[in-house]
Amino acid sequence: MRFSWHTRVLLALASGAALALSFPNYNFSLLAWISIGLLVLASFGARCGVAPVYGLLHGLVFYPICLPWIDVVVRQYGNVNPIVAAGLLLLIGLAGGAITAVFSWGVALASRHGALVACALAPFLWVALEFLRAHLPIVGFPWNLAGYAASGNLALVQLAAVTGIYGLSFAVAAYGSLAAYAILTGRQRVWNALIVVTAVLIFIAIGVRNFVPTAEPRYVAHLVQTNFAQSYDYPPDWMLTHASDLEQLEKISIDAAKAEPGLVVWPETPAPFSMEDPLFAARAQKIARDSGVDFLVGAEDWKKDAAGKWMATNSAVLLDPSGQRIFTYDKIHLVPWGEYVPLRHLLSFAGKLTADIGDFTPGSAYSVGSLPMAEEYVPKPGPKFGAFICYEAVFPDEVRKFTVGGADLLINISNDGWFGRSSAPAQHLMMARVRAVENRRWLLRDTNNGFTVSVDPYGRIAAELPTDIRAELDAPYDFQSGLTLYARFGDWFAWLCVIASLSLLSQAIILPRNSNRRPHGNPDG
């Protein structure tokens, strides 16, 4: 089978589109299973100097289709004109495409030794490059990894407890590679193998999901969806002009806790909430005292550094029933060009994406806090929780550090109001849900305007609020102990893929080209 250059271009473009359409709000998740195979076909047999173009084309299609919300954010809150916003999305596509260009180059290189070597390399290399995406400084962006497209299935997502999300990505990439191998070789036994694998996956997805254990919650937390309109500028009298809104939220919180005692949670700061603001601090303390329970709230927190200079952190603050602060977690993984601005002198416009301060200072410790035993609700140490903030939910290894640190419960507070009703909130929830499975912990996720949910340790959404309303969710949960294989050993599977990729690529470079078996496809494509 020989592919012309324009066929390769079409395959690369189709690959990027198919993977993008697998994610919310398109939700054609089955397309993910063939998407990477299409890119393998586009790259196989191509010259190594040309092959990266196909990976680049994949990225240029994938990112704009699945991340259109970036345009919403920078235009609405960054005061950026449409041309600049489109240019920024194009740059993101180029950056992501540069990574998939390495994938195409690797497949083309391996194809000099035949279809088996190239298709065997592909899933390992794909995962290794996704792992790289997650760990690049500043621009690391593991949003919508291929495995998330398969995470909506209750049975398949359980693999994440062993391998993390990267195992699901491997499964998706391996299936596509097997399909590509069947097409390239045309061998009946390979097609038969593909049919068997497809049948097994269908059986797991449909049949095994009925055997996934059910987690029984014993406690209830009160997740308050504040539903404040998003803004990049807050006037000095904001607390006074929104006093009625805050009083409504105060009443919602206290009434819920009095009806059924349990932790009250407010989301990542959706407004100028600061523990150093006397008006806000007094209201937060009143909610804790009048409800008689612990109160976890997202707020800006101001501290002095070693030099005595004031610095701001994006924090989760826990007040006990007496109104005293007993725990603070400062967000560690800040959003580039949102919560801080790298290369500010070159990208000064992006500073507008930060609400009322210039830059946040990152925290330094994955701290866990203690909650009182829910059946007693007395202020004594109890089970531990970890509270991660917004964007941190997309970094698997960072969330597992709370579990390793002793967290029996995971809490994610987020302000997804920046995204409007784009696909981003649903994508964000999709990724946060996998963190519950990886760590086998209940996850309480509280947002400003949606999606506010409780997720059980197997990834089921146990309770949720409608979006864009001001309300409270009685969120069931429990405390879980023990460590999954992923929580205990972290990204062991991703590192295995890195090692396998380097080994196979090294052999492809060192070993002479297989002259007896020319690769299928046009080597000049």
Side-chain angles (χ1 to χ4, degrees), residues 15-40 55 58-59 61-67 69-70 92-93 95-103 122-136 139-153 156-177 333 391-400 423-424 426-439 459 486 490-498 501:
S15 170
L19 188 56
L21 293 173
S22 303
F23 298 105
N25 285 335
Y26 311 106
N27 297 314
F28 298 110
S29 59
L30 291 179
L31 290 177
W33 295 88
I34 63 170
S35 62
I36 298 169
L38 293 174
L39 188 55
V40 171
H58 170 99
V61 172
F62 172 73
Y63 287 96
I65 291 178
C66 76
L67 304 179
W69 49 265
I70 290 178
I92 292 172
I99 295 176
T100 44
V102 176
F103 175 82
F124 291 103
L125 183 56
W126 184 270
V127 172
L129 292 171
E130 283 195 341
F131 190 51
L132 174 66
R133 273 175 60 189
H135 291 84
L136 287 172
V139 295
F141 190 55
W143 194 280
N144 285 358
L145 303 181
Y148 288 117
S151 70
N153 184 273
L156 294 176
V157 76
Q158 304 311 313
L159 178 62
V162 178
T163 63
I165 185 60
Y166 299 107
L168 280 171
S169 289
F170 184 88
V172 170
Y175 183 87
S177 298
H333 202 126
Y391 183 60
E392 292 180 312
V394 308
F395 293 92
D397 187 59
E398 295 181 16
V399 174
R400 65 169 279 275
S423 58
Q427 293 173 3
H428 205 180
L429 171 61
M430 170 189 67
M431 292 179 279
R433 173 176 166 265
V434 178
R435 305 291 86 83
V437 180
E438 288 170 341
N439 295 278
Y486 177 74
D491 293 321
W492 67 271
F493 183 79
W495 279 112
L496 180 66
C497 289
V498 170
S501 297

Exercise for review: Output all residues satisfying side chain to side chain contact (heavy atoms under 4.5 Å, CB included) with Ala436, sequence neighbours left out; order by chain, then residue number.
Suggested key: Leu443, Val455

Check your understanding: How would you list, by chain and number, every residue that makes a side-chain hydrogen bond (donor to acceptor under 3.5 Å, both in side chains) with Asn153, sequence neighbours excluded?
Key -> none

Practice item. Only counting residues at least two apart or in another chain, list the ones meeting side-chain hydrogen bond (donor to acceptor under 3.5 Å, both in side chains) with Tyr391. Key: none

Minimum-distance pair of heavy atoms, taken over all atoms of [X] and [Y]:
X      : Y      : answer
Ser177 : Ala122 : OG-CB, 3.2 Å
Phe395 : Ala134 : CE2-O, 3.7 Å
Ala150 : Val172 : CB-CG2, 4.1 Å
Ile99  : Leu129 : O-CD1, 3.5 Å
Ala160 : Glu438 : O-CG, 3.6 Å
Tyr486 : Pro396 : OH-CB, 3.2 Å

Exercise for review: Not counting sequence neighbours, list each pair that qualifies as a salt bridge (charged side-chain N to carboxylate O under 4.0 Å, His left out) and has a residue in residues 17-38.
Suggested key: none

Would you tabulate the side-chain donor-acceptor contacts of residues 139-148 under 3.5 Å, counting partners in other chains and residues two or more places apart, or write 'none'?
residue	atom	partner	partner atom	Å
Trp143	NE1	Gln427	OE1	2.7
Asn144	ND2	Gln427	OE1	3.4
Tyr148	OH	Arg435	NH1	2.9
Tyr148	OH	Arg435	NH2	2.9

Point to revise | From CA spacing to verdict: side-chain contact (heavy atoms from CB on, under 4.5 Å), His135, Asp491 | key: CA-CA 12 Å; His135 291 84; Asp491 293 321; 4.2 Å; yes

Check your understanding: Is there a donor-acceptor contact under 3.5 Å linking the side chains of His58 and Thr100?
Key -> no

Exercise for review: Would you kindly say whether His333 and Glu398 are connected by a side-chain donor-acceptor distance under 3.5 Å?
Suggested key: yes

Review point. Is Leu168 close to Ser151 at the side-chain level, that is, under 4.5 Å between some pair of heavy atoms?
Key: yes

Under 3.5 Å, side-chain donor or acceptor atoms of residues 21-39 against the rest of the protein: list the pairs with distances, not counting sequence neighbours.
residue	atom	partner	partner atom	Å
Ser22	OG	Ala18	O	2.9
Ser22	OG	Leu19	O	3.3
Ser22	OG	Ala32	N	2.9
Tyr26	OH	Ile65	O	2.7
Asn27	ND2	Asn25	O	3.4
Ser35	OG	Ala32	O	2.8

**Study point:** With Trp495 via ring pair (Phe, Tyr, Trp, His ring centres under 6.0 Å) - residues at least two apart
**Key:** Phe131

Study note, to complete from the structure: Phe124 meets the ring pair (Phe, Tyr, Trp, His ring centres under 6.0 Å) criterion, sequence neighbours left out, with Phe170

**Study point:** Partner residues of Arg400 under the salt bridge (Lys or Arg N to Asp or Glu O under 4.0 Å) criterion, sequence neighbours left out
**Key:** Asp397

Practice item. Using the side-chain hydrogen bond (donor to acceptor under 3.5 Å, both in side chains) rule, collect all pairs that involve residues 161-175, keeping only residues at least two apart or in two chains. Key: Glu130-Ser169, Tyr175-Thr198

